[in-house]
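Okay, so here's the structure we're looking at.
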Amino acid sequence: QVQLVESGGGSVQAGGSLSLSCTISGSSANPFCMGWFRQTPGTEREGVIVIDADKRIRSVESVQGRFTADRDNVKKTAILIMNSLKPEDTALYYCAADYSTTTSCMSRIQAAGRFGVWGQGTNVTVSS
C-alpha cells in the first residue's frame, strides 16, 4: 500500500521560509503526478502546486513567485519550498500523489479528487 508522509511544518513569521517534504513508501514506481494542497478549518482543500514526473510545475496565482516544488524520483521524495510566507498561507498542508496518466498533471491543480494517495498533513502557521 502506497503511503505518503509529510514533514517540515511549523511556525514562522511573515516573510520567512519553510520547506515541506513528502516521502513515498510502499511502491517501487514513481507517481506520475504529485501535488501539494492546503486546507483551513471550514474551507475546502485548495490546490497549491503540482509537479509531474518530468518536474514540470504549475502553481496557483496566490503563491506564484513565492512557492516552488521539486521531486527526487530516485529517493521518492517531493518537496515544497515556501518563501515570503504570508499569514494567509497558514493552513494544514497535504502531499498527494497519483499514478494515473489519463489526465495531465497540470490540469489537476484544483482537482483533489484526481489524487489517489494522500499524506496525513502537516501544519504551517505564519504569524504577522
Side-chain angles (χ1 to χ4, degrees):
Q1 183 177 357
V2 181
Q3 291 186 321
L4 305 179
V5 177
E6 301 102 335
S7 62
S11 297
V12 66
Q13 288 193 327
S17 299
L18 276 176
S19 292
L20 307 181
S21 295
C22 177
T23 302
I24 306 162
S25 63
S27 174
S28 60
N30 280 299
F32 168 64
C33 185
M34 297 196 70
W36 290 92
F37 290 75
R38 64 188 181 186
Q39 189 171 24
T40 55
T43 68
E44 292 188 358
R45 200 166 293 188
E46 172 195 28
V48 177
I49 197 165
V50 293
I51 179 169
D52 69 11
D54 293 325
K55 300 189 179 183
R56 288 180 290 236
I57 295 169
R58 182 181 179 187
S59 59
V60 293
E61 186 175 349
S62 61
V63 306
Q64 287 176 1
R66 301 188 299 121
F67 291 14
T68 191
D70 199 0
R71 57 188 287 179
D72 186 324
N73 292 327
V74 174
K75 296 182 179 178
K76 291 187 174 58
T77 58
I79 184 170
L80 175 65
I81 301 167
M82 304 181 292
N83 297 313
S84 301
L85 282 160
K86 303 176 180 180
E88 51 263 44
D89 295 319
T90 295
L92 182 62
Y93 281 72
Y94 295 92
C95 174
D98 199 80
Y99 292 82
S100 171
T101 59
T102 56
T103 58
S104 75
C105 184
M106 302 298 106
S107 69
R108 306 186 201 188
I109 191 165
Q110 293 295 4
R114 293 195 179 272
F115 288 86
V117 187
W118 290 84
Q120 80 287 355
T122 185
N123 274 303
V124 171
T125 302
V126 184
S127 58
S128 58

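The figures that follow rest on heavy atoms only: side chains count, while hydrogens, waters and symmetry mates do not. Predicted model, so just to flag it, every value in this text is computed and none were measured.
- Of the possible polar contacts, none joining the Glu6 side chain to the Ser21 backbone as a donor-acceptor pair under 3.5 Å is found.
- Using a cut-off of 4.0 Å between Lys/Arg side-chain N and Asp/Glu carboxylate O, Asp70 and Lys55 are scored as salt-bridged.
- Nearest heavy atoms, Asn83 versus Ser17: OD1-OG, 2.8 Å.
- Between Val60 and Gln110 there is a side-chain heavy-atom pair separated by less than 4.5 Å.
- Heavy atoms from other residues, nucleotides or ligands lying under 6.0 Å from CZ of Arg114 number 12 at most.
- The heavy-atom pair separating Ala91 from Thr40 by the smallest distance is CB-CG2, 3.7 Å.
- Between Thr125 and Val12, the closest side-chain pair of non-hydrogen atoms is not below 4.5 Å.
- Thr90 contributes a side-chain N or O that, together with a main-chain N or O of Val126, makes up a donor-acceptor pair within less than 3.5 Å.
- No chain of hydrophobic side-chain contacts below 4.5 Å, direct or via other Ile, Leu, Val, Met, Phe, Trp or Tyr residues, connects Met34 to Val5.
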Steps toward side chain to side chain contact (heavy atoms under 4.5 Å, CB included) verdict (Met82, Val124): CA-CA 10 Å; Met82 304 181 292; Val124 171; 3.9 Å; yes
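- Under the 3.5 Å distance criterion, the side-chain polar atoms of Lys76 are left unmatched by any main-chain donor or acceptor of Ala29.
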query: When you look at Arg71 and Ile79, which way does the side chain to side chain contact (heavy atoms under 4.5 Å, CB included) test go after all the steps?
result: CA-CA 6 Å; Arg71 57 188 287 179; Ile79 184 170; over 6 Å; no
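- Scanning both residues, Ile49 and Ile109, for their nearest heavy atoms gives CA-CD1, 4.2 Å.
- At a threshold of 4.5 Å between non-hydrogen side-chain atoms, the residues Trp118 and Gln3 do not count as touching.
- In summary, Asp89 and Arg38 engage in a salt bridge, as defined by a charged side-chain N under 4.0 Å from a carboxylate O.
- Ring centroids of Trp36 and Phe67 are separated by 6.0 Å or more, keeping the two rings apart.
- Without hydrogens or angle criteria, Arg108 side chain to Phe115 main chain gives no donor-acceptor distance under 3.5 Å.
- A side-chain contact (heavy atoms from CB on, under 4.5 Å) with Ile24 holds for exactly one of Val117, Leu4, Asn73, Thr77; it is Leu4.
- Residues Ile51 and Ile81 fall into different hydrophobic clusters, defined by Ile, Leu, Val, Met, Phe, Trp and Tyr side chains chained together at heavy-atom separations under 4.5 Å.
- In terms of modelled atom types and a separation under 3.5 Å, the side chain of Asp98 and the main chain of Gly116 share a donor-acceptor contact.
- Panel note: side chain Glu46, backbone Gln39; no donor-acceptor pair is recorded below 3.5 Å.
- Of the possible polar contacts, none joining the Asp54 side chain to the Arg56 backbone as a donor-acceptor pair under 3.5 Å is found.
- Checked by atom type and distance alone, the side chain of Ser104 pairs as donor or acceptor with a backbone atom of Ser107 at under 3.5 Å.
- Residue Ser84 comes nearest to Arg66 through the heavy atom pair O-NH1, 2.9 Å, listed as atom of the first residue, atom of the second, then distance.
- Taking 4.5 Å as the limit, some side-chain heavy atom of Ser27 sits within range of a side-chain heavy atom of Tyr99.
- A donor-acceptor pair under 3.5 Å is absent between the side-chain atoms of Gln13 and the main chain of Ser128, judged by distance alone.
- Contact annotation: the side chain of Phe32 approaches that of Cys105 to within less than 4.5 Å [non-hydrogen atoms, C-beta and beyond].
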task: Show your working on side chain to side chain contact (heavy atoms under 4.5 Å, CB included) between Phe37 and Cys95 and close with a plain yes or no.
output: CA-CA 6 Å; Phe37 290 75; Cys95 174; over 6 Å; no
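- For the atom pair Thr122 OG1 and Leu18 CG, the distance stands at 9.0 Å (nearest 0.5 Å).
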